[in-house]
Amino acid sequence: MYDHKSIEVKWQKYWEENNLFKADDRNTTKPKYYALDMFPYPSGAGLHVGHPEGYTATDIISRYKRMNGYNVLHPMGWDAFGLPAENYAIKMGTPPEETTNKNIATFTSQIKSLGFSYDWDREINTSSPDYYKWTQWFFLFLYKNGLAYKKNAPVNWCNSCQTVLANEQVVNGECERCQSEVEQKNMNQWFFKITEFIEDNGETSGLISGLDKIDWPESTKISQRNWIGKSEGAEVDFKIDDFDENMRVFTTRPDTLFGATYMVLAPEHSLVQKVTTEEQRAEVEKYVNETKKKTDLQRQEDEKEKTGVFTGGYAINPVNGEKLPIWIADYVLMGYGTGAIMAVPAHDERDHDFAQKFGLEIIDVIGDMEDRFQKTGGVMKNSQFLDGLGIDDAIQKMIEWLEENNCGERKTTYRLRDWLVSRQRFWGAPIPIIYCDDCGEVPVPEADLPVTLPTDVDFKPTGESPLVGSKTFHDVTCPKCNKAAKCESDTMDTFVCSSWYYFRFVDANNNQEIAAKELLNKWMPVDLYVGGAEHTVLHLLYSRFFTKALHKFGYISCDEPFMKLRHQGMILAEDGRKMSKSLGNVINPDDVVNEYGADTLRMYEMFMGPFDQSVSWNTKGTEGIYRFLQRIHRLYEEIDFTKCDCKKGDCSDAPKGMPQMLHKTIKKVTEDIENFRFNTAISQMMIFINHVSKEGTMPKPAAEIFLKLLSPFAPHIAEELWEKIGHTDSIGKEEWPKYVEALTIDDEIELVIQVNGKLRDKFNVSKDIPKEDAIAQAKELEKIQNFLEGKKVIKEIFVPGKLVNLVVK
RNA sequence: GCCGAAGUGGCGGAAUUGGUAGACGCGCGCGACUCAAAAUCGCGUUUCGCAAGAAGUGAGGGUUCGAUUCCCUCCUUCGGCACCA
């Protein structure tokens with residue numbers, strides 16, 4: 001009987017006691033393989049069935065790679081800082097540390113019950129001082145190299161969470177966490193200079209070009225490129241009429257400069273006051289104030305209808321001296337380009353809408369276009385020295401002209417801004433900076449790290465970090481002059497902690513350095529990284545930035561962290577909706593493990609559908625897998641190997657199609673694992689077992705090979721049956737089976753006969769049948785003759801080993 | 001609006017250097033075993049049709065001896081971005 005409970009406990013214990021999954025730091029002969037999961041946030045809800053999907057995939061690969069002779073690093077840890085634990089503290093008074101540790105304990109036992117081959121000696125927890133000491137070290141590393149700086153800046157402020165958010169955490173003008181409206185607020189905040197690495201930086205490949213050398217889903221790369229948002233064009237100076245001052249604009253279409261008919265400033269632009277005339281002042285101020293009150297969300301709601309006000313001022317077009325009225329409008333954003341534009345209503349859709357609404361002039365400067373707003377096709381007109389040129393040539397010529405005449409220059413602009421990392425929260429890594437009245441901003445000396453979180457804290461949010469209220473934390477002495485000073489009271493965005501954790505795994509217990517250099521160079525980069533697609537921009541972009549920073553300053557030799565990336569699809573509830581507590585449709589992995597076992601859960605999640613696709617859970621499907629495992633178990637109990645009469649280890653002399661079935665299975669499973677097609681690997685194993693059941697016999701070598709193929713997917717039952725058929729050591733130590741290509745091809749094939757491309761008949765024949773014989777035999781067939789009657793065969797097509805197609809008329 | 005992914009039986013899905021559409025699993029039907037049930041095993045299961053046969057991979061066209069696969073037009077769903085000049 002297949003007793004999954006006792007089997008799974010038995011082998012998990014065996015693996016642990018025999019230290020089977022330790023990555024070997026000292027081995028120099030085996031090639032290394034670093035297989036990494038996105039480490040989870042240990043939430044109070046416990047493990048979700050979505051977690052083991054990715055974990056099973058990396059576990060299959062890890063076990064497979066070990067059997068192929070690799071030295072595998074496969075670690076797990078906890079992304080443990082974050083708001084939920086702190087919010088719980090606010091509500092219930094329980095310290096976040098306590099909540100977090102409790103959740104970690106739950107996650108640990110849940111994950112361990114699934115039999116993943118993690119090297120638990122390297123377990124990390126971002127909220128432990130042993131870890132965040134190095135997060136703080138990383139901050140100082142960036143600071144010392146000019147990549148971390150403080151500035152007063154308008155920031156996204158969530159009034160409900162009482163903290164600043166990164167641009168990436170603002171979704172539709174709302175806080176991604178609590179969905180309350182996000183306000184703009186000026187605050188003094190820490191930033192990381194991610195923009196330094198957009199383009200190649202010395203020897204270090206940039207965030208854009210680096211994408212070309214990594215094996216990631218194309219859609220993820222495109223998202224990253226879009227997020228970076230590179231635009232090439234020019235900045236152009238327009239003289240302001242009556243003032244000795246320039247208004248600088250950014251444009252990607254300098255070719256359309258002769259078509260500019262008005263100018264627009266963002267309402268927050270510093271020139272607004274200056275250019276506004278007395279007659280227009282009241283109206284302008286009213287508009288500016290209205291805009292200030294509007295949140296991003298409201299601005300988006302108004303998207304359809306353009307609004308704006310004429311300032312009364314004029315600017316001079318540098319190419320033709322035209323006087324252009326200067327307007328203010330909120331469709332021009334202060335945060336992008338220069339916060340000012342030249343408007344070309346003939347060739348920009350937004351400017352066109354605006355000009356139509358306010359009756360402004362529209363001058364066409366490109367003819368023969370399919371779409372006037374597209375940058376394709378067309379010939380310049382009404383543009384003096386550009387007339388007759390194509391758009392691309394005109395852009396180049398105009399930029400040259402601007403540069404020669406000192407009124408503009410070539411310019412590339414990016415959407416990506418520097419990363420704002422300050423958070424006014426408690427449950428995060430404290431920023432290791434001290435403010436001294438005499439010495440100013442002083443980094444905490446490395447020897448004094450970690451700056452630990454205090455315990456005398458009131459968690460109620462005040463708009464300042466709860467750390468401000470802690471006497472023990474806040475009051476310190478200046479490391480330079482020893483006078484009384486204040487410690488920075490903000491903590492770091494939790495994304496900082498999770499952007500470098502994969503470096504820590506290579507040397508997780510080192511208390512001298514972030515990780516020993518030789519181990520960084522031994523294990524990095526990560527060979528395979530698996531996790532949800534929701535981290536497409538944030539986490540992955542930040543991690544790449546950190547890697548590039550370390551590379552640039554000589555700490556590591558790779559400049560991309562994750563060579564191969566795969567996303568798992570989402571697992572939906574049986575009803576096709578997202579699993580959620582409120583809908584009551586959540587599947588708890590513990591229940592599945594309890595009822596059917598870890599092997600069933602693992603295999604079912606791999607069998608559900610293509611790995612990267614969302615699929616609905618189906619309880620009947622888990623039963624199907626359970627039945628499959630029971631069937632295997634029964635087969636191995638009942639089968640009598642003494643009946644097997646083949647002598648060779650690869651079963652090439654076994655009877656009844658067994659060699660082909662076996663070698664096809666080895667080939668299919670091997671290739672499917674390599675290509676992340678776990679669902680079809682499993683179906684091939686089912687085909688194999690169906691075949692064997694039908695035959696009622698299986699040669700022993702085939703039985704052994706099959707268990708090896710099964711072992712990465714369902715390791716517990718594989719170990720158990722491996723023992724049952726007489727082995728004393730772990731199946732994980734075996735070598736991965738090899739297939740013989742010639743044995744994967746059946747001697748006899750089913751030759752398909754088509755008439756006019758339609759299947760009419762088929763017959764079994766040797767795979768090597770020559771064309772003439774095949775066609776002659778096909779024509780003999782009764783069914784085929786019926787179709788040929790009274791007609792003429794005008795063409796005969798033969799695909800060796802596959803089909804004959806007779807074209808008749 | 002833009003970018004991306006995807007549309008195949010009752011369901012999840014398989015098959016793409018163009019070559020038997022529906023592998024494998026679920027569900028369902030029939031049968032065997034059983035006093036009975038469960039489990040298990042066997043057979044069947046795209047639709048219409050008694051059959052021969054016909055239709056069929058979101059819709060419509062095209063290329064081809066042959067298209068789920070390639071090309072064009074369109075529709076739908078999901079995911080991401082969103083006044084980025």
Side-chain angles (χ1 to χ4, degrees), chain A residues 171-173 217-223 225-227 229-231 233 249-253 256 264 266 296 299-300 302-306 329-333 335-344 347-351 353-354 413-416 533-534 536-537 569-570 574 576 603-604 607-610 612-625 627-628 630-631 634 677 679-690 693-694 749-762 783 786 793-809:
Chain A
V171 177
N172 290 331
E218 205 48 43
S219 58
T220 301
K221 290 187 186 181
I222 289 169
S223 294
R225 284 195 198 96
N226 290 347
W227 196 263
K230 180 172 181 169
S231 291
V249 305
F250 172 71
T251 178
T252 55
R253 297 295 304 275
T256 62
V264 188
D296 281 358
R299 278 206 199 186
Q300 276 164 18
D302 298 342
E303 192 182 322
K304 294 250 149 55
E305 190 69 7
K306 294 263 182 300
D330 64 6
Y331 82 90
V332 174
L333 308 173
Y336 185 77
T338 61
I341 62 158
M342 64 172 204
V344 184
H347 303 290
D348 181 282
E349 202 162 1
R350 291 152 303 169
D351 297 345
D353 291 349
F354 192 86
T413 300
Y414 305 91
R415 222 176 74 112
L416 183 69
E534 67 272 19
T536 294
V537 275
M570 214 184 339
E574 298 221 46
M603 273 204 131
Y604 173 63
F607 187 62
M608 287 177 87
D612 57 0
Q613 232 166 75
S614 311
V615 222
S616 302
W617 187 267
N618 180 350
T619 301
K620 291 286 186 195
T622 57
E623 284 170 18
I625 292 291
R627 280 205 283 264
F628 174 55
Q630 279 177 312
R631 240 176 128 203
R634 213 177 315 123
R677 292 192 301 245
N679 54 333
T680 49
I682 292 170
S683 82
Q684 182 61 38
M685 290 192 257
M686 289 171 168
I687 291 168
F688 179 84
I689 289 299
N690 288 347
S693 305
K694 213 168 214 168
I749 53 115
E750 202 173 45
L751 191 71
V752 167
I753 314 302
Q754 297 180 331
V755 178
N756 284 344
K758 284 196 178 165
L759 173 74
R760 294 305 178 187
D761 206 353
K762 43 194 173 185
K783 278 190 187 171
N786 291 338
V793 176
I794 56 171
K795 202 167 181 181
E796 291 164 344
I797 286 148
F798 176 68
V799 181
K802 285 246 165 90
L803 58 77
V804 168
N805 185 16
L806 303 171
V807 186
V808 300
K809 218 177 176 176

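The chains referred to below are lettered A, B, ... by the order of the sequence lines, with proteins before strands, and numbering in each begins at 1.
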Paired with [N] by Watson-Crick or G-U wobble geometry, both distances under 3.5 Å: which nucleotide is it?
N      : result
B:rG7  : B:rC75
B:rU40 : B:rA32
B:rG53 : B:rC48
B:rU64 : none
B:rG1  : B:rC81
B:rC24 : B:rG12

A:Thr256 and A:Met342: side chain to side chain contact (heavy atoms under 4.5 Å, CB included), yes or no, with the steps? CA-CA 10 Å; A:Thr256 62; A:Met342 64 172 204; 3.8 Å; yes

Test item: side-chain donor near acceptor, A:Arg415 and A:Asn226, under 3.5 Å: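 There is no such pair between these side chains.
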
Between [M] and [N] - [atom1] atom distance, rounded Å:
N      : M      : atom1 : value
B:rA6  : B:rC84 : C1'   : 29 Å
B:rG7  : B:rA55 : P     : 25 Å
B:rA5  : B:rC50 : C1'   : 46 Å
B:rG60 : B:rC65 : P     : 23 Å
B:rG18 : B:rG66 : C1'   : 8 Å
B:rU17 : B:rG61 : P     : 27 Å
B:rU46 : B:rC24 : P     : 12 Å
B:rU34 : B:rG29 : P     : 23 Å

Does the [X] side chain pair with the main chain of [Y], one donor and one acceptor, at a distance under 3.5 Å?
X        : Y        : value
A:Asp348 : A:Ala343 : no
A:Tyr604 : A:Asn618 : yes
A:Asp761 : A:Ile753 : no

Salt bridge (Lys or Arg N to Asp or Glu O under 4.0 Å) with A:Lys230: which residues, sequence neighbours excluded?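 Expected list: A:Glu199.
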
Starting at atom [atom1] of [X], determine the distance to atom [atom2] of [N], rounded to an integer number of angstrom.
X        : N      : atom1 : atom2 : value
A:Ile689 : B:rG25 : CD1   : C1'   : 15 Å
A:Trp617 : B:rG13 : CH2   : P     : 15 Å
A:Glu623 : B:rA39 : CD    : C1'   : 13 Å
A:Asn226 : B:rC84 : CG    : P     : 13 Å
A:Lys758 : B:rG66 : NZ    : P     : 11 Å
A:Asp612 : B:rA6  : CG    : P     : 8 Å
A:Arg253 : B:rA85 : CZ    : C1'   : 11 Å
A:Asn618 : B:rC11 : CG    : P     : 13 Å

Determine the contact category for [X]: base if any of its heavy atoms lies under 4.0 Å from a base atom, sugar-phosphate if only primed atoms, P, OP1 or OP2 are that close, otherwise nothing.
X        : answer
A:Gly229 : nothing
A:Arg760 : sugar-phosphate
A:Thr251 : sugar-phosphate

With a 4.0 Å limit, can you tell me whether [X] has a side-chain N or O closer than that to the phosphate oxygens OP1/OP2 of [N]?
X        : N      : answer
A:Arg627 : B:rC26 : yes
A:Ser614 : B:rG79 : no
A:Arg631 : B:rC41 : yes

Nearest-nucleotide wise, let me know which of A:Ser219 and A:Thr252 is further upstream toward the 5' end of RNA chain B.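 Here A:Ser219 is the residue nearer the 5' end.
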
With RNA chain B as reference, determine whether A:Tyr414 or A:Arg634 sits nearer its 5' end, using the nearest nucleotide of each.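 This one resolves to A:Arg634.
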
Please evaluate residues A:Ile625 and A:Met686 with respect to the criterion side chain to side chain contact (heavy atoms under 4.5 Å, CB included), reporting the C-alpha separation (whole Å), side-chain torsions for both, the decisive distance (0.1 Å), and the verdict. CA-CA 10 Å; A:Ile625 292 291; A:Met686 289 171 168; 3.8 Å; yes

Looking at the angle O4'-C1'-N9-C4 for a purine or O4'-C1'-N1-C2 for a pyrimidine, is B:rG9 syn or anti, with syn meaning within 90° of 0?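 Syn, since the glycosidic angle lies within 90° of 0.
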
Nearest to the side chain of A:Arg415 - B:rC84, B:rC83, B:rG13?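 Among B:rC84, B:rC83, B:rG13, the one nearest the side chain of A:Arg415 is B:rC84.
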
To the side chain of A:Ile222, which of B:rC3, B:rG27, B:rG12 is closest?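 Selected nucleotide (nearest to the side chain): B:rC3.
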
Apply side chain to side chain contact (heavy atoms under 4.5 Å, CB included) to A:Lys783 and A:Arg760, showing your working. CA-CA 7 Å; A:Lys783 278 190 187 171; A:Arg760 294 305 178 187; 5.6 Å; no

Mark yes or no: A:Lys306 above the aromatic ring of A:Phe354, with NZ or CZ under 6.0 Å from the six-membered ring centre and no more than 45 degrees from the axis.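 No.
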
Result of checking A:Ser223, A:Ser219, A:Pro217 against A:Thr536 for side chain to side chain contact (heavy atoms under 4.5 Å, CB included):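 Exactly one pass, corresponding to A:Ser223.
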
Sugar-phosphate or base contact per nucleotide [nucleotides 19-24 of chain B; S, B, -; heavy atom under 4.0 Å]: BB--BB

Polar pair under 3.5 Å, donor/acceptor by atom type, side chain A:Lys620, base B:rC11: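 Counting by modelled atom types and ignoring angles, no donor-acceptor contact under 3.5 Å is found here.
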
